Q: 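Sending over a structure as structure tokens; questions will come in a sec.
One-based numbering along the sequence shown. Quick note: numbers below take in every heavy atom, side chains included, and nothing from hydrogens, waters or symmetry partners. Note that the coordinates shown come from a computational prediction; the quantities given were computed from them, not determined experimentally.
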Amino acid sequence: GLMMQADEEVGNQVWDQHYGDLQSQLLRQSALATQAAFLNPFQAVDVLSMGLAGTDLTHDLAFQRQAEDYRRVLVTSLNDEHAHGRARTGESRDSSAAFFAGLDAFHYHAPEFEASIRPRLTALIALSLWATFLLAVVLLGANRLERGDLPC
């Protein structure tokens, strides 16, 4: 159990380094996609709808972090039980059912609405600019039709 925990801690350090690099790359790509919303209104709608639905990168990374934190606590508990629990006391070769019943279940807590929408403000601004632009074009066209400058 002690050796497995030591191996787990080394693995966690490697995971943190490589996953941290990957997460940084994903966040840079997401920021670039969000900036593309100024060129493409559909990109703005995509970014906003995914954020509001909880299917965007922000929610995905939050889930992954919580799941990894839970996994680490669970594995540490299992390794500790293996090293110091009933399996070593001579009472029994198996851990007690009470030990396993005492393990907490995983519960995901989604980020608050404000934390979810904050990274999407750029897309919201872009969509607002697109809506303003389209409204101006429609009003200009309607004005020209009203004056008779455009044939129907």
Q: Taking atom types as modelled, find out whether Q13 and E9 have a side-chain donor-acceptor pair closer than 3.5 angstrom.
A: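 Note: Q13 and E9 side chains miss the donor-acceptor criterion.
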Q: Check whether Y19 and F63 end up in the same hydrophobic cluster, where Ile, Leu, Val, Met, Phe, Trp and Tyr are linked by side-chain heavy atoms less than 4.5 Å apart.
A: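 Different hydrophobic clusters.
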Q: D56 and H59: side-chain donor and acceptor closer than 3.5 Å?
A: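 D56 vs H59: donor-acceptor pair found between side chains.
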Q: Evaluate T58 against R120 for side chain to side chain contact (heavy atoms under 4.5 Å, CB included), listing each step before the verdict.
A: CA-CA 10 Å; T58 301; R120 307 295 163 235; 3.3 Å; yes
Q: So do L32 and R28 actually touch side chain to side chain, heavy atoms under 4.5 Å?
A: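 When only atoms from C-beta onward are counted, L32 and R28 do not touch, as no gap falls below 4.5 Å.
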Q: Please report the closest heavy-atom contact between A123 and A44, naming both atoms and the distance.
A: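 Heavy-atom minimum between the residues: O-CB, 3.7 Å.
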Q: Restricting to non-hydrogen atoms, name the atom on S77 and the atom on L103 that form the minimum distance, rounded to 0.1 Å.
A: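 That closest heavy-atom pairing would be CB-CD2, 4.0 Å.
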Q: May I ask you to decide if T34's main-chain N or O and Q43's side chain share a donor-acceptor pair within less than 3.5 Å?
A: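 Absent.
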Q: Hydrophobic cluster membership, with links at side-chain heavy-atom distances under 4.5 Å among I/L/V/M/F/W/Y: are V45 and F38 in one?
A: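 In one cluster with V45: F38, no.
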Q: Whether the side chain of W130 engages the backbone of F42 through a donor-acceptor N/O pair (distance < 3.5 Å, no angle test) should be reported.
A: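 No, W130 side chain to F42 backbone: no donor-acceptor pair under 3.5 Å.
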Q: Group every Ile, Leu, Val, Met, Phe, Trp and Tyr by side-chain heavy-atom contacts under 4.5 Å, then state whether Y70 and Y108 land in the same group.
A: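 Same hydrophobic cluster.
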Q: Check the pair L74, L78 against side chain to side chain contact (heavy atoms under 4.5 Å, CB included), reporting the backbone distance first and the verdict last.
A: CA-CA 6 Å; L74 177 65; L78 293 171; 4.1 Å; yes
Q: If Ile, Leu, Val, Met, Phe, Trp and Tyr residues are connected whenever their side-chain heavy atoms lie under 4.5 Å apart, and connections chain through other members, are L135 and L129 in the same group?
A: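 No, because L135 and L129 fall into different hydrophobic clusters, even though each may have its own neighbours under 4.5 Å.
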Q: What's the spacing between L61 CG and E68 CD if we round to 0.5 Å?
A: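 Here the interatomic distance stands at 13.0 Å.
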Q: Evaluate side chain to side chain contact (heavy atoms under 4.5 Å, CB included) for N79 paired with L2, printing each intermediate quantity in order.
A: CA-CA 7 Å; N79 288 338; L2 296 174; over 6 Å; no
Q: Is there a side-chain contact between L52 and S116 (heavy atoms, below 4.5 Å)?
A: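 No, side chains not in contact.
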Q: Do we see a donor-acceptor contact under 3.5 Å between the side chains of Q25 and D21?
A: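 No.
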Q: In terms of hydrophobic clustering (I, L, V, M, F, W, Y; side-chain heavy atoms under 4.5 Å; direct or indirect links), are L134 and L124 co-clustered?
A: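 No: no chain of side-chain contacts under 4.5 Å links L134 to L124.
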Q: Salt bridge (charged side-chain N to carboxylate O under 4.0 Å, His left out) with D69: which of R65, R72, R71?
A: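 Single pass found, and it is R65.
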Q: Would you compute the distance between atom CD of E112 and atom CD1 of I117 and round it to the nearest 0.5 angstrom?
A: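 Here the interatomic distance stands at 13.5 Å.
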